[in-house]
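So you know, we letter chains A, B, ... as the sequences are listed, proteins then strands, and number each from 1. As the structure is a prediction and not an experimental result, all values here were calculated from the model.
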There are 2 protein chains.
Amino acid sequence: MKRPTIADIARRAGVSKGAVSYALNGRPGVSEETRARIQAIAQEIGWRPNLAARLLSGAGAGAIGLVVCRPARFLGVEPFFMELISGIEGELAARSYALMLQVAAGHEDEIAVHRRWWGEGRVDGVILLDLHADDPRVPVVETLGMPAVVIGHPSAAGPLPAVWSDEAAAMRGVIEHLAALGHRRVGRVAGPAALAHTAIRDAAFEEALAALGLEGAPAAHTDYTGEAGARATRRLLSSRARPTAIVYDNDIMALAGLSVAQEMGLEVPAGLSVVAWDDSPLCQVVRPPLTALARDIPASGARAAQLLLRMAAGERVAGVEDAAARLRPRGSTAPAP
Amino acid sequence: MKRPTIADIARRAGVSKGAVSYALNGRPGVSEETRARIQAIAQEIGWRPNLAARLLSGAGAGAIGLVVCRPARFLGVEPFFMELISGIEGELAARSYALMLQVAAGHEDEIAVHRRWWGEGRVDGVILLDLHADDPRVPVVETLGMPAVVIGHPSAAGPLPAVWSDEAAAMRGVIEHLAALGHRRVGRVAGPAALAHTAIRDAAFEEALAALGLEGAPAAHTDYTGEAGARATRRLLSSRARPTAIVYDNDIMALAGLSVAQEMGLEVPAGLSVVAWDDSPLCQVVRPPLTALARDIPASGARAAQLLLRMAAGERVAGVEDAAARLRPRGSTAPAP
DNA sequence: GCGAACCGATGAACCGGGTAAGCACGTGAC
DNA sequence: GTCACGTGCTTACCCGGTTCATCGGTTCGC
């Protein structure tokens with residue numbers, strides 16, 4: 001019932017604790033014969049190194065942390081997180097690392113979690129998401145000396161390595177796609193204005209419109225929920241300068257927009273084209289299927305985990321640029337009416 | 001830079017390590033005056049108890065584990081997990097407990113994770129999801145002596161406490177709702193047949209149909225993906241005895257079914273009524289909004305976490321029955337054509 | 001006035017591994 | 001024969017917090 005320890009193994013093998021430790025860690029100091037015998041016993045009684053003991057004598061925590069800082073209600077609908085997590089896991093599982101997850105209500109809470117995790121030695125490092133401009137988390141992890149990797153544009157990451165993709169290029173691609181279809185007036189329903197990547201997309205949106213001589217209302221900022229997306233869409237579609245295409249910052253809002261348009265008697269794509277950011281299975285399930293920007297979110301997660309583990313091992317790492325999101329044209333975009 | 005320890009505090013306060021330990025844990029053995037002084041110093045130098053050390057001297061791991069055992073690709077679209085996690089977190093955060101999350105590919109992998117977590121002392125217990133009939137995980141955690149709580153019907157949980165809701169009653173409610181609308185032939189697109197709760201819903205479905213004298217094809221089993229849901233729907237709708245209503249085991253499949261019906265020229269709800277299990281924000285965003293079974297998933301998660309923590313504390317706990325899912329009639333169900 | 005009880009605090013052992021230092025023994029070189 | 005050097009293993013201490021036995025000193029009861 002009680003978990004076996006190296007002392008148990010030592011007793012059964014008739015050697016000392018030290019010898020067992022050497023044997024099980026593949027270090028020199030024991031004969032191959034003894035090593036094999038010790039390993040066999042460890043195997044037999046189902047021994048696992050006690051993490052706490054190992055940690056206490058200087059090893060890492062064997063875990064990395066991820067704090068998700070969005071209101072709980074919206075988490076479920078956002079496939080992003082689970083995809084990211086599964087990507088991170090893929091990298092961790094291979095090394096028997098674990099993932100600590102915490103949902104926080106705000107930045108202060110999140111910072112408190114980081115302090116606690118690091119102070120308690122619970123994690124070897126963290127992955128930071130959804131950075132703001134001048135994000136307070138960056139200086140905090142910096143002063144804590146805690147390894148951290150940012151998922152998002154390096155401009156907000158300060159000295160921390162970032163895993164990012166060129167969202168401006170992706171946005172340009174979307175606008176070019178719409179312009180090629182003859183759209184002259186494009187709307188945008190964005191995420192929270194405070195997020196760094198929202199600002200980047202906003203700027204890229206304006207620039208791309210200007211470069212191609214298109215018109216567009218300034219981005220409507222939302223909290224990523226379908227409800228907010230619906231509201232913003234309603235406002236856009238009932239404005240005097242009604243757009244013929246709308247770009248959404250996530251798929252749930254795009255879907256809500258789709259419904260609102262149909263409700264208002266606008267056929268999609270005949271009367272309105274819709275583009276979603278992040279291509280989840282959702283996009284292919286609805287009618288018409290949503291034109292979407294596909295990026296490999298699990299891959300980003302995996303890459304971030306990889307960087308973080310190397311960083312935690314003391315290596316000095318640089319950020320990585322992932323492939324930009326690719327536009328997947330589907331039935332929700334068509335020539336302008 | 002180095003993390004302060006109680007020895008540092010002891011030195012600065014001019015007392016022994018033991019006194020510091022008593023003072024900081026609110027245990028008797030020091031005067032209030034000394035306690036205050038020690039606490040002030042701890043506060044000042046930013047001391048946090050090192051988890052490993054605490055763990056090593058007998059305390060719990062301060063974390064519970066959750067292994068999610070569905071293919072990574074499908075995780076994202078299933079709002080269930082994130083809602084569950086946020087509910088669990090709510091309970092844990094208050095007690096400064098942490099959640100260890102791992103995505104596993106199959107039961108063997110999941111069992112390996114449990115063995116490792118328990119062997120390493122990483123978790124104080126686990127929450128088990130998606131039980132099968134004769135689930136191999138139950139005897140494993142049983143022999144490990146690891147506290148565990150099952151989310152799902154007690155019939156599959158063996159001796160483990162379960163957090164569950166009466167899915168049979170919920171299913172009856174759905175069928176009664178449809179029967180009242182005049183539907184005589186009802187289809188069902190279910191989750192994987194191996195899952196215990198799928199079997200329970202299947203049985204309840206058949207029984208309710210029989211009780212009300214309705215017809216129905218046997219449940220079509222899927223992997224919960226939109227794609228599979230679409231396929232199953234197509235088959236149901238092109239069968240000779242086409243149903244006038246279909247009950248889906250999750251919302252993404254219901255949504256896929258909606259699209260398929262429209263594709264085949266069937267208006268929802270005029271030509272086909274659709275009911276989704278689990279009422280995510282998705283259901284309210286689509287047109288027509290989906291009639292759905294709403295259950296409080298975060299609450300279940302919170303309850304499970306609560307039970308598990310009490311169990312880990314050595315208490316003997318019994319399972320809890322949550323409120324049954326409530327049917328939220330919306331635009332996707334209407335009188336039979 | 002003496003023992004009992006109690007308070008506040010100490011020192012040391014302990015948890016389960018890691019690891020530096022040391023030791024016995026065998027081997028080879030000179 | 002002895003000195004140097006490996007090899008294979010043991011001993012002992014470290015990590016940081018918890019806990020128990022103990023102890024000096026004060027207070028209380030009789």
Note to self: Using a 4.0 Å heavy-atom cut-off, does Ser31(A) contact any base of the nucleic acid, only the sugar-phosphate backbone, or nothing at all?
What the structure shows: sugar-phosphate

Margin query: Judged by each residue's nearest nucleotide on DNA chain C, which is more toward the 5′ side, Ala19(A) or Gly29(B)?
Written below: Gly29(B)

Note to self: Do the side chains of Arg303(A) and Asp322(A) get close enough for a salt bridge, i.e. N-O under 4.0 angstrom?
What the structure shows: yes

Next item on the list: Determine the sole option in Glu110(A), His114(A), Met100(A), Gln102(A) for which the side-chain contact (heavy atoms from CB on, under 4.5 Å) test with Val126(A) is passed.
Entry: His114(A)

Note to self: Rounded to whole Å, please give me the gap between CD1 in Ile38(B) and C1' in dT18(D).
What the structure shows: 15 Å

Check: Given the rule in the side chain to side chain contact (heavy atoms under 4.5 Å, CB included) test, do Gln39(B) and Leu24(B) qualify, once you have shown the distances and angles that lead to the verdict?
Finding: CA-CA 6 Å; Gln39(B) 283 173 338; Leu24(B) 294 173; 4.0 Å; yes

Checklist line | Under 4.0 Å protein heavy-atom contacts per nucleotide of nucleotides 13-18 of chain C, with B for base, S for backbone only and - for none | finding: --BBBB

Next item on the list: Go through the steps for Leu195(B) and Leu131(B) under the test side chain to side chain contact (heavy atoms under 4.5 Å, CB included), then give the verdict.
Entry: CA-CA 6 Å; Leu195(B) 295 183; Leu131(B) 259 67; over 6 Å; no

Next item on the list: Indicate the ring-plane relationship of His132(B) and His107(B), choosing parallel, tilted or perpendicular according to the 30° and 60° boundaries.
Entry: tilted

Next item on the list: Check every strand shown and say whether Gly121(A) touches a base, only sugar-phosphate, or nothing at a heavy-atom separation below 4.0 Å.
Entry: nothing

Note to self: Just the rounded figure in Å: distance from P of dG16(D) to CZ of Arg122(A).
What the structure shows: 18 Å

Next item on the list: Would you please test Arg295(A) and Phe80(A) for side chain to side chain contact (heavy atoms under 4.5 Å, CB included) and show each step?
Entry: CA-CA 10 Å; Arg295(A) 34 174 192 168; Phe80(A) 176 83; 3.9 Å; yes

